[in-house]
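The basis for the numbers below is simple: all heavy atoms, side chains too, and nothing from hydrogens, waters or symmetry mates. Start at 1 with the first residue, then count along the sequence.
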Amino acid sequence: MTITQPDATRAGQDLPRLKLWLADRIEASLANKVKLERSPNVVQLVRDRFKLACQHARLTLPPDEEESFFNEVLDEIVGYGPIESLLNDETITEVMVNGPYLIYVERSGKLTEMPVKFVDNDHVQKIINKIVEPLGRHVDAQSPMVDARLPDGSRVNAVVPPCAIDGPTVTIRKFSKDRFTIQDLVRFGSLTQDMADYLEACVVSKLNVIVSGGTGSGKTTLLNVLSGFIPDHERIVTIEDAAELKLNQRHVVRLETKQPSHEGDSHVTIRQLVINSLRMRPERIVVGECRGGEALDMLQAMNTGHDGSLTTIHANTPRDTLSRLETLVLMAGMDLPVQVVRKQIASAVNLIVQQARLRDGSRKITHITEVAGMEGETIVMQDIFKFEDMGEQNGKVAGEYAPGGLRPYYSDRLKTHGFNLPPKMFMKTSGPAEGGPRRR
């Protein structure tokens, strides 16, 4: 987007457009000379060019306003414009741009309108392009929707006209700069130590795990935490629409889908990547989210020697997860009887971890449920742990985590891998067990 120079006599009344004109002029002067990043050298270089450009525009501002104005210009050049400060605010978990003049953020599960604004639709489009172009993606009237990510892994979705009626829309799900661990989730109250110990045992013991939940419930965060339990010596292949997972293990291969960058260009889907990953000698396959026919290939991988695979699915309860999985498998275009699909699911899926965002904005694991085979045409499930909602106290959801009272179906498998979990951990009358996973 090229900004024409505002009339100097109106500069004081048109500072937002003047800011864009200055940023455009400075950025053009730096093209191909330096990498535009927030380093001391680049900031100083931009400051020097900023002073020259202000002289050219005959713009004079008080010192305190000039510094603030410079920082806004700097955000346009090396950041993401008006939303840069929101992205740097660690208390904000989501940024929502509803056209150029309406921006909301999420803090502690609550939505708040912010006073910052873009200049116009073109300004929003410029920031969208700045996000998606380094990833080889594009968005325009012919291709008005795109999924992308920021360098820190934060998830970005953008929709532009004609699909976005009131102007370009951007939704950014921020990722914490500090990678959460299972102990962080225990401290937040998302689960208990017993539940954490059990999940660690299940992942290390190569149970196939599905993390299910609604939008914004924390599925990807939990998937990232569970992936951290995979032993370092195992080869892991991660597959995502936009790479968000951050695994600390060394032997990790990260794959990401590819959208067509122009007409006739190739399109690489999640399903194609799942199929290809089977040729890469994976010991673990981690799929960011199953939302289509790739569910069938994921099930086949789980059933053909790739134990310990993990993925997420949108569903509201563990039982709904299985129903949705059936639907996704049928979307693969294979004319399979429902009974055959259910047998595949019952054989492949071992554990469902249900994540939810409660009405007070908190995120909790509400169910840890085992899939224990089939009886007739019904898949048998049993809750190992469950969150019992007891209403609200002081605006917060009150409740407690309760064991299901049943011995885990996969206890023998856990013992084979060295986890000797005490029976009282799963008894309804027992208190929280102490310590970490009990391993021989």
Min side-chain heavy-atom separation [X]-[Y] under 4.5 Å:
X    : Y    : value
V105 : T91  : no
Q382 : Y409 : yes
L421 : F426 : yes
T257 : V268 : no
L310 : V287 : no
S217 : Q355 : yes
M114 : K117 : no
L255 : M280 : yes

Legend entry - ring pair (Phe, Tyr, Trp, His ring centres under 6.0 Å) partners for Y410, two or more places apart: none
Polar side-chain atom of [X] near backbone of [Y] as donor-acceptor pair, under 3.5 Å:
X    : Y    : result
S227 : L223 : yes
T321 : T317 : yes
S205 : C202 : no
S212 : H314 : no
N420 : K415 : no
Q249 : D232 : no
D120 : D122 : yes
E76  : G81  : no
K219 : T311 : no
N208 : S309 : yes

Inset, instruction - Step through it carefully: locate the ring centre of F385, locate the ring centre of Y401, and say whether they are under 6.0 Å apart. - result: no
Inset, instruction - Could you tell me whether F419 and Y198 have their ring centroids closer than 6.0 angstrom? - result: no
Inset, instruction - Might you work through the side chain to side chain contact (heavy atoms under 4.5 Å, CB included) test for E370 and M381, ending with a clear yes or no? - result: CA-CA 6 Å; E370 285 185 329; M381 307 172 71; over 6 Å; no
Would you please say whether a donor-acceptor pair under 3.5 Å links the side chains of [X] and [Y]?
X    : Y    : answer
Q125 : N129 : yes
T192 : D194 : no
D360 : S362 : yes
N276 : Q272 : no
D383 : T369 : yes
D184 : T181 : yes

Kindly compute the distance separating [atom1] ([X]) from [atom2] ([Y]), expressed to the nearest 0.5 Å.
X    : Y    : atom1 : atom2 : value
N98  : D166 : CG    : CG    : 8.5 Å
E200 : M195 : CD    : CE    : 14.5 Å
L74  : K19  : CG    : NZ    : 12.0 Å
I379 : M374 : CD1   : CE    : 5.5 Å
I210 : L299 : CD1   : CG    : 7.0 Å
I285 : S277 : CD1   : OG    : 4.0 Å

Let me have the donor-acceptor pairs involving side chains of residues 154-161, under 3.5 Å, with sequence neighbours excluded, atom names and distances please.
residue: S154; atom: OG; partner: D152; partner atom: OD1; Å: 2.9
residue: S154; atom: OG; partner: D152; partner atom: OD2; Å: 3.3
residue: S154; atom: OG; partner: F175; partner atom: N; Å: 3.0
residue: R155; atom: NE; partner: E244; partner atom: OE1; Å: 2.9
residue: R155; atom: NE; partner: E244; partner atom: OE2; Å: 3.0
residue: R155; atom: NH2; partner: T220; partner atom: OG1; Å: 2.8
residue: R155; atom: NH2; partner: E244; partner atom: OE1; Å: 3.3
residue: R155; atom: NH2; partner: E244; partner atom: OE2; Å: 3.3
residue: N157; atom: ND2; partner: D147; partner atom: OD1; Å: 2.9

When you look at [atom1] of [X], are more than 12 heavy atoms from neighbouring residues, nucleotides or ligands closer to it than 6.0 Å?
X    : atom1 : result
K396 : NZ    : no
R250 : CZ    : no
K246 : NZ    : yes

What are the two closest non-hydrogen atoms of [X] and [Y], and how far apart are they?
X    : Y    : result
P168 : I128 : CB-CD1, 3.8 Å
N350 : K206 : OD1-O, 4.5 Å
L199 : V353 : CD2-CG2, 3.7 Å
A148 : V132 : CB-CG1, 3.8 Å
R254 : T238 : CA-OG1, 3.4 Å
P231 : R284 : CD-NH2, 3.8 Å

Residues [X] and [Y] bridged, charged N to O under 4.0 Å:
X    : Y    : result
R413 : D307 : yes
E326 : R342 : yes
D389 : K364 : no
E106 : R357 : yes
R235 : E283 : no
E240 : R149 : no

Inset, instruction - Carefully, step by step, assess N303 and S347 under the rule side chain to side chain donor-acceptor pair (under 3.5 Å). - result: CA-CA 7 Å; N303 274 322; S347 175; 2.9 Å; yes
Inset, instruction - Could you check I270, V274, V329 and say which one makes a side-chain contact (heavy atoms from CB on, under 4.5 Å) with D297? - result: V274
Legend entry - side chain to side chain contact (heavy atoms under 4.5 Å, CB included) between M331 and R291, worked out: CA-CA 9 Å; M331 288 172 63; R291 63 179 71 179; over 6 Å; no
Inset, instruction - Begin from the C-alpha positions of R107 and E94 and carry the test salt bridge (charged side-chain N to carboxylate O under 4.0 Å, His left out) through to its verdict. - result: CA-CA 8 Å; R107 278 192 181 99; E94 197 147 4; over 6 Å; no
Inset, instruction - Scan residues 75-113 for pairs that pass ring pair (Phe, Tyr, Trp, His ring centres under 6.0 Å), counting only residues two or more places apart or in two chains. - result: none
Inset, instruction - Could you tell me how the ring of H123 sits relative to the ring of F118: parallel (under 30°), tilted (30 to 60°) or perpendicular (over 60°)? - result: perpendicular
